[in-house]
Structures are given as C-alpha cells and as structure tokens.
Amino acid sequence: MSMSHLYTSKVDQKIRIAITEKLRYRFLELAKAVLSGEEPKMIIPKRTLSNTVYDKERKLLLLGSETFERRFLDVREVRKFMQTLLMAKIIYEALKNNEYPTIRDLYYRGKHTIRYRSFKKSIEEENTWDEQKESDAVLRDIEVYVGLLREDMLILSKEKGKVVGDLRIRSGDDVIDLSKMGHGAYAIEPTPDLIEFLDVNAELVLVVEKDAVFQQLHRAGFWKKYRAILVTSAGQPDRATRRFVRRLNEELKLPVYILTDADPYGWYIYSVFKIGSITLSYESERLATPNAKFLGVSMTDIFGDKNKKPYLSEEERRNFIIKAKKADIKRAQELLNYEWFKTEKWMKEINIFLEKQSKLEIEALTGKGLYFLMDTYIPTKIQTGDFID
Amino acid sequence: MAVTILEKFKSISPAEFFYRNKEIAGFSNPARALYQSVRELVENAFDATDGHGILPNIEISIDRHPEKLNVYRITVKDNGIGIPGEYIPEAFGKVLFSSKYVLRQSRGLFGLGAKMVVLYGQITVGEPAEIISATIGSKKVYMYRIAIDIKENKPIILHKAFWINTTNWHGTIVRVSIEGDWGRAKQKILDYVRRTAIVTPYANIVFKTPDGDVYVYPSVTNKVPPPPKETKPHPHGVDIEMLKAMISETKAETLLDFLASEFQGVGEVTAQRFLQTYGFDPSKKVKELTAEEIEKFVKCLKEYNEFKKPRADHLSPIGAELIKIGLKQILKPEFVEAVTCKPVVYEGHALIVEVGIGYGGSIPPSDQPIILRYANKIPLLYDEKSDVSWKVVSENIDWKYYEIEFPAPIAILVHVCGTKIPYKGVGKESIADVPVIEKEIEEGIRYVARALKQYLLKKQREEEALRKAYTIIKYIPEIASALSIFASANPEKIDQKIFEAKLFEMVKSKYGEVLKNISSVRDVVIQSE
C-alpha cells in the first residue's frame, strides 16, 4: 500500500480493509476450484423482471430466489465469466491501491484487446468489453454475487442529490452543518453509509423531484419555517440519494414526503424511492423507504373530487395543464400492471389521468405563486393527510 | 465408323486417305494438330510402359524450330519395351488398317498413333521423323530417320544407324517437327499432361514447353494397374465386318469349331445349342458362308440370350486407390474418394466406370463441379457439355442433398474403360448418354458424393466443437490473471501460468480429439507484450 492512505479518511480505511477481504474471499473459492481441477462456476441471483418479487408485507421490490450458473466451460457464458473475473480483479486492485474508481474508470481499466488465432488460423481481435453497458452489467452481477453494493466497494458515481436542513453530519473526518450551506446545499456523497448523523432538529423530510423547485423552497426558508430536511433527487433518484433518504427515515424516524410532477414519470420516481426499482431490485433492501408518502401533485389536487376542492381554478387549469403524450398514456397503463400500484388510491389516480389525459408539472404551482406552494399547498396536504401511502 | 467410310476408299492408299481426312484424326488446325500430336506420342509411350507393367518414365518436350516460324519439334522419350530395330520403319512409316479381331483396351483411338504425326509433320514441314529405340535386353540401340511414301504407303529410310547399348537402356525416343500453334494449344496441352498425371500417379512425367517452363509430375506410388489383356470377342459384340475378318483369320474349319474356339465364353455345348436353335449346320465349312448367311449369323448371335455374360477380367481399370492417390497428388484437395463400379455390358462389350471426387484444398471454387473425364485412361478435353458425365453432374444430381452449395471447390473424375466406348462425334472427345453408362456414372458419383457428405458433416461437427473450444480458450489468460491475483497470498504466490494450464486441461478434457494440434493456450492467444 502506498503512502496515499495517510490522507484518506479513517472511515474509508476501515471499510476498505473489510471489503477487500470479503471480495477476495469470494473469488478465492473459484481459484481453489481450478487448482483442484474442478470447473469454476458462480451461482448468481437472476436480475430479471421475472425474478423481481414485490414483498407486500414489507412493501419492497426484492430479488427473488432464482439463480443462474455462470460456468467457465459454458460457451454462452464464458465471455461473461471472463468479464466478471476481470471486473472483480480491477475492483480488488483499486481497493488495495486506495483508489475510488467510478464505473467509467472501471470500464476503461478493463477494456483491452485480446488477440488470438481463430480455429481457421486467421488473427482475430476482440475487446474484453466494448461498451460500458457490458462492464456495468457484470458490476451488478458482482454486487449480487458477493453481496456488496458498489458504494461498499468505494466505487463512486456522480453526485446528484442535494440536501439542506437543521442537521449535522460527519462525512469522512469532517463535521458538516447542513443548516449552514448558504445558498448552496450539501451534495449527498456516493457512499452515504459512511455518513454519521450527529444531531438533528427536524420533523419531516420533503423530497422534491425538481432541482429548481428545491432551490426556490431553500431560498424562501421553507426548511427553517417548517422544520424540514429538504432533499432533491434532481430527476430520477440515484442510489446515494435513495440510501440517504432511507437512513433519514429509518435512523432519525422522520416521515418522508415526496413531491413530483403529476405524470407517470413522477409516480415512478416516487415508487423507486418507496419500494425500489426493477433493475436494481437487489439493493431495495437497503435503498428503499417503504414509509415514504406521495404528497403530490395528485390528480385530485388538479381536478378535485366529491369531497375535495381543487387547488387550481378553472382558468389556471386551462393555463397549466399539459396534454398527455402517447408515451405517457402507455407508461400509465404499464403502471396499472405493477403489483405495488394496485391500491385503491393509485387506481383512482391513474384512472383520472387516463380519463383526462392531462399532466401537470410542479412548476405550475410555483407559477401560481411560490408562497402558495410553500405556505398553502404543502402544509395543507400534510396536515389533512391528503397523500397517498 | 471409320471402317465403313474406309470401304469406299479401298482404291487409295491408307496414308493418302488420312492425309485427305486429317480432321477425323484430330488434325484440323495447327493448334489442334499440336495437341493431337503430343497426345498420340504420349499415349504410345504409356502403352509401351504401363501397358507392359513398367513404371513409366516419360519426358515430353516441345521446342520452337530454330529457323521456321510456327514449327515445333516434339520429342517424347519413354522407358518402355522398345521396338525391334527391323520393325521401326514400318511401325512409324506405314499406315495400316488393323485387321486383328482380338480386343484389347488400349489408349490409341485409331490405331494410328505416331504414324499420323509423322505423316502430318511430313506434309506441313517436310523434315524426317527421328526414332531411336532399344528393346529390353537389346545389345544395340537403333536410330532411323524416315519419311512416308504417301502414294505407295511405305516408309522411306533416309538415315539408319545403331550403336552399342552400353547402359542397358530400353525404350523409344520419337522426334517429329510439325506446324503448330503453341499459343492456342498451350492450355489444352498443359491440361492434357496434368490430367494424364492424375490417372498415372505411378509415372514420372517431365514436360518442357517452348516457353522454357518445365512441369514435373513425380511418381508417388509404384503400383501399376495390371496391363489390359487381349480377349476374344463376345457373340453380342460382333458386327458383319468383324465377323468377316474373324472368318478370314480363323484356323477352325466347321461352324461349330469356329464358334467354340473364337468367341468369348462359348464352349462346345453352348455352340451346339445355339446352332441348333437357329438351324445352322454345325459341320458347315465356315469359310464357305455366303454374305447372306454371315448377315443372318450376326443377327442370331446378337439375339441369342443364353451366352454367358461378357467378362471384364481383360479390362484394366485404374482402381480406386490410384485414382485417390492421383487426385490427392495433383489437385491437393482436403478430401478424396473414389470407386470402381462393377463391370456392365454395353453392346456385347464389358465396360467399367470409375468415379473419383476431390473436395476443398487447392481446388478453386466454381459454380459447377470441375469434371475430369477419361476414356481408357485418356483425358477427354473437348466437347465437355455434350458428354454423359456433364449431364449426370449438372442434371441428375441434386448437390444440395450432399451438403454442397455452389460455388464449391469440387472436382469429379469419371473414367470409362472398355473395348467399345460409345463416343459422340468423330473427334472422340465425348461419350454418348447411353442409359447403361449414364446409370453407372450416376451411381458412382452418388457413391463418392455420399462419402463427401459424411466427411463434410463430420467436419462441420468438428469445426463446431473447435469453434466452441477456441471461444473458451481465448479468455483463459484473462481469467487466469484474475485468479492468480485473488490467490496471491494463499499462502504463497500462485503463478498465472499454473491457472492457465489447469484451465486449458479442462477445455482439453471436454473437447479432446479436435484439440490435438494445440498444446497450450499460447497457441491460440497472442501475447500483446
């Protein structure tokens, strides 16, 4: 190990040693098999829709019990077998060298050309992998095979999520006060499990899909006034943001409300926060926040119903509503098939959408007035329990 | 056919007849004449060697005449049985119509051979032919320079010499100058020599062209097919002319004796029964038969079904083994197969069809199989599309059934041998589609094509296994490298090479046989360092 570790954080150093051993131990099994003349094989849980199970009790999308064998002597699997070992090797070496590779780094490090003579004697060339899609796929296989998430293996990704609020944390060797971020915000680090919560003064967590709305609420002092931790995922939430929100809920016992656009994409963002995503169902156990609530914007907020007055006037509706596109309709119909959307409230929500064929962005509410959103819409919804669980 | 035309020309000398009808003998233009001359001399050379069980050593050379334009000197040297000195002038200087009725499978098409070449050379150039020869065991070597007296049909000896045969040499050297066209004959002659080499893999052939190129076809086996034997005619294969010739030569007196002694497979009992059936008098003097009686006799001979079938033991097929050796040596294919079919009867003559097949290797892919046709071991180069073999190959056989998709690198050899071959046209360059021959050729081709199909299917299976094995092997270094890193402190370092060897062993034990030519991963993966 180089001197570089002198400057890395203690928490990184600690986890690095544990993870390196765990990774090595798992792949050492394959080396031992080969040395004793047995065909090396990995038994890996399947990451397919058919092996994604919705656990109704825990309200989580989980990986099922189906597995597949990736064997060395299987002609259809041997390339992936090689890629998996190559990826494991690169990660292992990065861990040992005190590095923090990104998935792009891993892609470049592993990509090289194999030159060989074909059985017809011609010289052929083949890359270990061509596109990042391939290296990403085997990385996911390693996560489920070893039982370690990429964050655990100190693989970094772009920071996307942001947070502000009356909360102090330790990140690395530093204490950070999230109430003293000025006009900016704390970018949620890619390894949120290495964050330590020190003390908190808040009653709720509000997650906003749109970064612009987050900034408006931050500058208007929403989190101070309503004792909230304000988070944005800036679109589809990355893993770090999801894990961070989950910890706020689980460890600090704060209720989580999610505010997205009123369209199928907004709903899906909510469901990723709440129960997990299909492609990453193996991480739901740690990333999902089953208690998260969909605050809005809901169809009844726009159109009202028999017990509820809409938040928008007839004229505002005319100005703000966007006609749903074909893709939106199709997506909504798909959502109807997902087990976790088959609740009374969601069926009603989706059916209104299909009937009206209309959608609405959160910005429509700030368009009506920032303080309408901050002081009327959000508090009323929370106080009256007007959300979908 | 030639015989009936000849009837009308009884009054002129045979030499003159052939001079007037030279295109019949294949001398229609300078290119064709050059080709035909080489053929006649080479075929004589073979008849003098393998026709007598001698491993042939044949040297052919064509030189441009030092002074005369479009004149070529052809020299063919063999190590055959040689010609006794006193017979040399007649053998090369007198054109004869064979009256012999014994049948023998031989190469010569007209029984004229070298004489026609000498005659043609004399007409077009006018230089004497030179013949040097010694028989086996002869104490002397004889040399003659001769010309032909066309009107009188006899040799003119211009020079004569002999010397002591100190080296015990035997064989014949013939040198003739003729007018020719090498430029246009070149390809045919090269083809001819090459195709001859295919069916005579036991021969050493050296061919020197006027361009100075030397083609050497070394012998690759010392197995010579047994020489063809003479045989008596079968009753079904006799025509009026032939019967007349037989009667004039026979020593038998009565019809019964004649029938029982001069025909193949006919003994006293059969002869008696035949004569009785058709009401001939067994004691009638055979030489006293009238023209009408001869005509009736021939008709009855053809009609009678109780004769034994014609025998084929006098024929000399090349044999499947030699065909395979020849195809392999000259075409360098990856697969070869051949078959000699059972003898069949065509118009009272036994006939044997042989078929060979070559696939892949150096054979160039083409849209049709390359057909190598032979009749009595002579390559047939002209009129391919009117030959029965062409019909069978291109019409009767569905090659897809045999796993062949054209263009494909495939050559088919068809050899028809027999004492009577149904040629098409006067050039004798193609065989007519007689049903019995067509059927034999088709069966022969199907036989070798089936063998090819088996081979191709096996090859496909092996290639598939090989492809799979290579797919795995090419990743071994990468896998071994990762494994050695994970095993690096366990407790001591384990080299990547050990993992490579272990993984390679696994692939080898799974795919076994097909990997016999690979000894390590490094035979497949090329190291980048």
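Side chains included, hydrogens not; waters and symmetry mates left out as well; all remaining heavy atoms used. To find a chain, count down the sequence lines: A is the first, B the second, and so on, and within it residues start at 1.
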J.: Side chain, backbone, both or neither: which part of B/Tyr475 has a non-hydrogen atom closer than 4.5 Å to chain A?
T.: both
J.: Of the backbone (N, CA, C, O) and the side chain (C-beta and beyond), which part of B/Glu463 lies under 4.5 Å from a heavy atom of chain A, both, or neither?
T.: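 The answer is both parts of B/Glu463.
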J.: Pick one of side chain, backbone, both or neither for B/Ser481, based on which atoms fall under 4.5 Å of a heavy atom in chain A.
T.: both
J.: Report yes or no: is the cationic atom of B/Arg195 (NZ for Lys, CZ for Arg) under 6.0 Å from the centre of the six-membered ring of B/Tyr374, at an angle within 45° of the ring normal?
T.: no
J.: Do we get A/Arg16 above A/Tyr100's six-membered ring, with its NZ or CZ under 6.0 Å from the centre and within 45° of the axis?
T.: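 Judged by the rule (NZ or CZ under 6.0 Å from the ring centre, within 45° of its axis), A/Arg16 counts as positioned above A/Tyr100.
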J.: Applying the salt bridge (Lys or Arg N to Asp or Glu O under 4.0 Å) criterion to A/Glu126, which one of A/Arg115, A/Arg79, A/Lys111 satisfies it?
T.: A/Arg79
J.: For the atom pair OG1 (A/Thr128) and CE (A/Met87), what is the distance rounded to the nearest 0.5 Å?
T.: 9.5 Å
J.: May I ask you to check if B/Lys453 and B/Tyr401 form a cation-pi contact, with NZ or CZ under 6.0 angstrom from the six-membered ring centre and within 45° of the axis?
T.: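 Yes.
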J.: With respect to chain A, which residue among B/Ile518, B/Val525, B/Leu503, B/Ile498 yields the maximal number of heavy-atom pairs within a distance under 4.5 Å?
T.: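 Max contact count across the listed options: B/Leu503.
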J.: Using a cut-off of under 4.5 Å for heavy-atom pairs, which of B/Thr471, B/Val524, B/Leu466 has the most such pairs with chain A?
T.: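 Going by pairs under 4.5 Å, I would pick B/Val524.
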J.: Using non-hydrogen atoms and a 4.5 Å limit, figure out which bit of B/Asn517 sits close to chain A: side chain, backbone, both or neither.
T.: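 For B/Asn517, there is no contact with chain A at all, as no heavy atom is under 4.5 Å.
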J.: Checking heavy atoms, do the side chain of B/Lys510, its backbone, both or neither come under 4.5 Å from chain A?
T.: side chain
